Amino acid sequence: MRAATIDERTDERDPLPISVCITTKDNADIIRRCLESVHDWTDEIVVVDSDSRDGTIEICEEYGANVYQHEFKGFGDIKTKSIAHATNDWVLILDSDEEVPPALRREIIDVFGSSGIVGFYIRKREHILGAWSHQYHVKQPVLARKEALYYQQEHLWERPAIRDEYAERTRDLEHALNNYTVDRVSERETKMMQYSALEALQIVELDKRDGAAVLLAKGIGAALYRLVVGRAILDGYRGFYMAFTDVNHYVTTYAKIRDIERLRNRRPEDWKEIWLEEECGR
């Protein structure tokens, strides 16, 4: 247990019995911001790492994090492993590029322990190419009791969800997490190459291969949703660029599915290990 913290508005407070669960892979350049936003008001930080070699582990240990190593098998799987390591009943699930801003921290402190509540839905505000955008992620129950929480896995993308029997015992929070989605175009391109490779792999393994036209339609649908429903159209070139990469992701995923098929024919014994290392960076 760490020493008591000082809330911005009031006196000393004991850390909340919340385990912050973070998954990492070579995130030394961004992880400190995330850790700094939670380390002094929660009493446990759990980091599940996948063989980082850039100093990520050492930075996490500076903040008293308990670091565990697990092979990456998918985002839903690795998030579930981080929750399993938590010693508190409550978990706060963060990505390494996210932070809890002061307003959200104060709100969590105020509402934590609300009678009958087992989960809080929080939205994520996106910082894109050097500026805050109009885009927000759909609210998700990233702060919840462990027994009420599970991960839905849909190919690459994972989504936290509340079990049906607890569905009426949740609450929406007003303030958002800060999500530093992408700072440079090259960063976005690198991420999308990795994500399309991971999605192609999971589609092949689940044997749910859609044709090129279906994947293109999904990409166009994702782009239109971002522009209109997500209000990316208000972000100028930033919004249109992100929408373009949504389309590109699905087109590239289809091409990589075909890449995997050729690789499996050439290297049937170790094709997956090659793909994870060379294409997915895992």
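These figures come from a predicted structure and were not determined experimentally.
Considering all non-hydrogen atoms of both residues, A197 and W275 come closest at O-NE1, 3.0 Å. Taking all atoms of both residues into account, the shortest heavy-atom contact from A212 to Y254 is N-CE1, 3.5 Å. Contact detail for L149 and P141: the closest heavy-atom pair is CD1-O, 3.4 Å. Heavy atoms only, all atoms of each residue included: A176 and Y136 are closest at CB-CE2, 4.1 Å. For the pair A86 and V91, the tightest heavy-atom approach, listed with the atom from each and the gap, is CB-CG1, 3.6 Å. Heavy-atom minimum distance, A65 versus V47: CB-CG2, 3.9 Å.
Under the 4.5 Å side-chain criterion, counting only non-hydrogen atoms from C-beta, L216 is in contact with V247. Between R266 and I274, every side-chain heavy-atom pair lies at or beyond the 4.5 Å cut-off. Considering only heavy atoms from C-beta on, I18 comes within 4.5 Å of F112 through its side chain. A heavy-atom distance below 4.5 Å is not found between the side chains of I117 and V111. Counting only heavy atoms from C-beta outward, the side chains of R262 and R258 approach each other to under 4.5 Å. At a threshold of 4.5 Å between non-hydrogen side-chain atoms, the residues I22 and C34 count as touching. No side-chain heavy atom of T245 sits under 4.5 Å from any side-chain heavy atom of R226. No side-chain heavy atom of T23 sits under 4.5 Å from any side-chain heavy atom of F72.
Note: the hydrophobic cluster containing Y237 also contains M242 (ILVMFWY, side chain heavy atoms under 4.5 Å, direct or indirect links). Cluster annotation: I220 and F244 are assigned to distinct hydrophobic clusters (Ile/Leu/Val/Met/Phe/Trp/Tyr, side-chain heavy-atom contacts under 4.5 Å, transitive). In the hydrophobic cluster analysis, where Ile, Leu, Val, Met, Phe, Trp and Tyr join through side-chain heavy atoms closer than 4.5 angstrom, V142 is grouped apart from V138. I57 and V38 fall within the same hydrophobic cluster, where Ile, Leu, Val, Met, Phe, Trp and Tyr residues are linked whenever their side-chain heavy atoms come under 4.5 Å apart, directly or through other members. Linking ILVMFWY side-chain heavy atoms closer than 4.5 Å, directly or via other members, places I109 and L92 in a single hydrophobic cluster.
With hydrogens and angles ignored, the 3.5 Å screen pairs no side-chain donor or acceptor of N178 with any backbone N or O of R125. Side-chain atoms of S196 come within 3.5 Å of backbone N or O of M193 as a donor-acceptor pair. Judged purely by atom type and a 3.5 angstrom limit, K79 has no side-chain atom pairing as donor or acceptor with the backbone of I93. Judged purely by atom type and a 3.5 angstrom limit, T170 has no side-chain atom pairing as donor or acceptor with the backbone of G119. The backbone N or O of G116 lies less than 3.5 Å from a partner atom in the side chain of R169, making a donor-acceptor pair. Not one N or O on the side chain of S96 forms a donor-acceptor pair closer than 3.5 Å with the backbone of I31. Formation of a donor-acceptor pair under 3.5 Å by the D54 side chain with backbone atoms of A28 is found in this model. Formation of a donor-acceptor pair under 3.5 Å by the R145 side chain with backbone atoms of V118 is not found in this model. Between the side chain of E44 and the backbone N or O of T87 there is at least one donor-acceptor pair closer than 3.5 Å. Of the possible polar contacts, none joining the E107 side chain to the L173 backbone as a donor-acceptor pair under 3.5 Å is found.
With values rounded to the nearest 0.5 angstrom, D183 atom CG is found 11.5 Å from I128 atom CD1. One distance of note links OG of S37 with CG of L94; it measures 6.5 Å at 0.5 Å rounding. One distance of note links NZ of K256 with CD of E279; it measures 5.5 Å at 0.5 Å rounding. Of the inter-residue distances, the one linking N248 atom CG with Y250 atom OH reads 12.5 Å to the nearest 0.5 angstrom. Atom-to-atom distance recorded for L35:CG and I30:CD1 is 10.5 Å, nearest 0.5 angstrom. The CG atom of N66 sits 9.0 Å away from the CD1 atom of I45 when rounded to the nearest 0.5 Å.
Counting heavy atoms of neighbouring residues, nucleotides and ligands inside a 6.0 Å radius, atom OH of Y68 exceeds 12 of them. Other residues, nucleotides and ligands place no more than 12 heavy atoms under 6.0 Å from the CG atom of D164. A 6.0 Å sphere centred on CG of L234 holds more than 12 heavy atoms belonging to other residues, nucleotides or ligands.
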Next item on the list: Dump the intermediate steps for side chain to side chain donor-acceptor pair (under 3.5 Å) on D95 and N179, then the final yes or no.
Entry: CA-CA 8 Å; D95 290 332; N179 182 14; over 6 Å; no
Next item on the list: Would you sort out whether W41 and V100 count as a side chain to side chain contact (heavy atoms under 4.5 Å, CB included), showing the intermediate values?
Entry: CA-CA 11 Å; W41 60 276; V100 179; 3.8 Å; yes
Item checked: Residue pair L276, L201: steps toward the side chain to side chain contact (heavy atoms under 4.5 Å, CB included) verdict -> CA-CA 9 Å; L276 280 169; L201 173 61; 3.7 Å; yes
Note to self: Please evaluate residues L16 and W90 with respect to the criterion side chain to side chain contact (heavy atoms under 4.5 Å, CB included), reporting the C-alpha separation (whole Å), side-chain torsions for both, the decisive distance (0.1 Å), and the verdict.
What the structure shows: CA-CA 9 Å; L16 297 181; W90 281 84; over 6 Å; no
Next item on the list: Could you check D49 against S52 for side chain to side chain donor-acceptor pair (under 3.5 Å), going step by step and ending with a plain yes or no?
Entry: CA-CA 7 Å; D49 185 73; S52 288; 2.5 Å; yes
Note to self: Could you go through T181 and E126, starting from their C-alpha distance and side-chain angles, then the distance that decides it, and tell me whether this counts as side chain to side chain donor-acceptor pair (under 3.5 Å)?
What the structure shows: CA-CA 6 Å; T181 308; E126 292 197 76; 2.8 Å; yes
Notebook entry, point to check: Could you go step by step and tell me if I162 and Y150 meet the side chain to side chain contact (heavy atoms under 4.5 Å, CB included) rule?
Noted result: CA-CA 6 Å; I162 296 294; Y150 73 101; over 6 Å; no
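For the pair R188 and Y241, the cation-pi test (distance below 6.0 Å, angle within 45°) is failed.
Using cut-offs of 30° and 60° on the angle between ring planes, the pair Y180 and H127 is tilted.
At a threshold of 4.0 Å, the pair R33-E36 does not count as salt-bridged, since none of the basic side-chain nitrogens sits closer than that to a carboxylate oxygen. R163 and E165 are not joined by a salt bridge, as no carboxylate oxygen comes within less than 4.0 angstrom of a charged side-chain nitrogen. The pair K81-D77 counts as a salt bridge, with a side-chain nitrogen and a carboxylate oxygen less than 4.0 angstrom apart.
Here the rule is salt bridge (Lys or Arg N to Asp or Glu O under 4.0 Å) with R32, and of E58, E99, E62 only E62 fits it. Considering K25, E71, H70 as possible partners of I78, the one that fulfils the side-chain contact (heavy atoms from CB on, under 4.5 Å) test is H70.
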